[in-house]
Amino acid sequence: MAPAPITQMNVGHIDDVQELRKTQSTTVPDRFMRDVDEIDSVISDSPISKDVPIIDLSKIAKGSYDEIIHLASACEEWGFFQVINHGVDTKILEKMEKLSMDFFKQPIEEKQKYKMAPGTVQGYGQAFVFSEQQKLDWCNMFALGIHPHFIRNPSLWPTKPLNFSESIEAYTREIRILCEKLLRCIAVSLGLRAERFEEMFGEAVQAIRMNYYPPCPRPDLVLGLSPHSDGSALTILQQKQGSSIGLQLLKDNKWVSIHPIPGALVVNIGDTLEVLTNGKYKSVEHRAVTNMVKDRLSIVTFYAPSYEVELGPMPEFVDESNPVQYRNYLHGEYSKHYVTNKLQGKRTLEFAKLGTHIPV
Ligand SMILES: O=C(O)CCC(=O)C(=O)O
Ligand SMILES: [Fe+2]
């Protein structure tokens, strides 16, 4: 998430979905209603796939080559996996869930002290809305840039709940260590030296977003979060215990729900790794759907190279049978492009794909 430009744009009125929920209305405002083709499969029994791979990081730590092979196939065939025995203390995960809920449960006046400005991606509100016509997601977000420090906007760091900042620091420190570990494992799974990405990434960028989806009276008409791939290299997603099942990924053209495993974290490949591996490991389109009775909270970490790093397919993934599929660009340019466009499947990656033209 590069610092986005402050622009005067008219995004229209954006309803706060928790406030809508309080009205007990049985309908949703027009702006949330999706066209039929966008939601045809939202509640048609999208299978809850227990096939999404589960990677045991403790096996890799003990040197299991089989688990590295398993990781390689998870990345290549799914772009998504759940990680267990990941080393992040359960207490830290639970604390973060409580902290996030305590934040979202506050009166709207308190949360709006940290309002996300139109066209930006940090603070409280709804990101990726750029026009009055754009449909809205049934979601309240709270997002912060974490690392390096210059991406932080201190005025958006809440003073309530108490100890919010300290808890965020503790959580993001742990998750950063996990990102580093995972990236080393992913490098090995690609036949690279473990440190290959780490050395290239420089001081990696880290951002966090909490997505809160209150129950919705018409889950059949709305989306919790529009389909997208992540602009990161790697994303780590924590689903709050007891949340509704809501995360879906597109596999073989079908939406598949991710079955939450207590204590596990969901990991997905972002656009940046797709480009670096010249499409060997692809970012996968995913979205969130809502539920009529249950709410959902996800706590999402985006981990990416430093903005000044030049990205493009690594020579290891280019040969006669694998010609270059993406152009070279600075990560900061992509990050800016990502946060200034609405979420629209894998459209954003057209920025880098050779043979596609994006209007500027
Ligand atoms: O809530 C979810 O599970 C989806 C979140 C997500 O994909 C994101 O924040 O990028
Ligand atoms: Fe995502």
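Both counts, for ligands and for their atoms, begin at 1 and track the order of listing. Not measured: the values here are computed from a predicted model. Values reported hereafter were calculated over all heavy atoms of this structure, with side chains retained and with hydrogens, waters and symmetry mates removed.
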For the backbone of [Y] and the side chain of [X], can you confirm whether one donor and one acceptor N or O come within less than 3.5 Å of each other?
X: Asp89; Y: Lys91; result: yes
X: Thr272; Y: Gly231; result: yes
X: Lys336; Y: Glu333; result: no

Could you list the atoms of ligand 1 found under 4.0 angstrom from a heavy atom of [X]?
X: Tyr213; result: 1 (O), 2 (C), 4 (C), 5 (C)
X: Asp230; result: 10 (O)
X: Phe302; result: 9 (O), 10 (O)
X: Arg209; result: 8 (C), 9 (O), 10 (O)
X: Asn211; result: 5 (C), 8 (C), 9 (O)

Decide, yes or no, whether a salt bridge links [X] with [Y] under the criterion of side-chain N to carboxylate O below 4.0 Å.
X: Arg34; Y: Asp220; result: no
X: Lys160; Y: Glu109; result: no
X: Glu38; Y: Lys135; result: no

Fill in: Residue pair Tyr124 / Gln106, side-chain donor-acceptor N/O under 3.5 Å
no
Worksheet entry | Between Gln122 and Asn153, a side-chain donor and acceptor under 3.5 Å | no
Fill in: Nearest neighbour of atom 10 (O) of ligand 1 from the list Met210, His228, Met141, Lys240, on a heavy-atom basis
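Nearest option to atom 10 (O) of ligand 1, by heavy atoms: His228.
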Item to complete: Could you tell me whether some N/O pair between His286 and ligand 1 is separated by less than 3.5 angstrom?
Response: yes
Item to complete: Would you mind telling me if ligand 1 is within reach of the side chain of Thr235, the backbone, both or neither, using heavy atoms under 4.0 Å?
Response: neither
Discussion item. Taking the ring centre of each residue, are Phe142 and Phe104 less than 6.0 Å apart?
Written reply: no
Discussion item. Just verifying a value: how many Å separate Tyr338 OH and Ser232 OG, rounded to the nearest 0.5 Å?
Written reply: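 Going from the OH atom of Tyr338 to the OG atom of Ser232 covers 7.5 Å.
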Fill in: Identity and distance of the protein heavy atom lying nearest atom 6 (C) of ligand 1
Leu225 CD2, 3.4 Å
Discussion item. Strictly under 2.8 Å of the Fe ion (ligand 2): which protein N/O/S atoms qualify?
Written reply: His228 NE2, Asp230 OD1, His286 NE2
Worksheet entry | Of Asp271, Thr348, Thr235, the residue whose pairing with Ser229 passes side-chain hydrogen bond (donor to acceptor under 3.5 Å, both in side chains) | Asp271
Worksheet item: Measuring from the heavy atoms of Arg296, does anything fall under 4.0 Å of ligand 1?
Response: yes
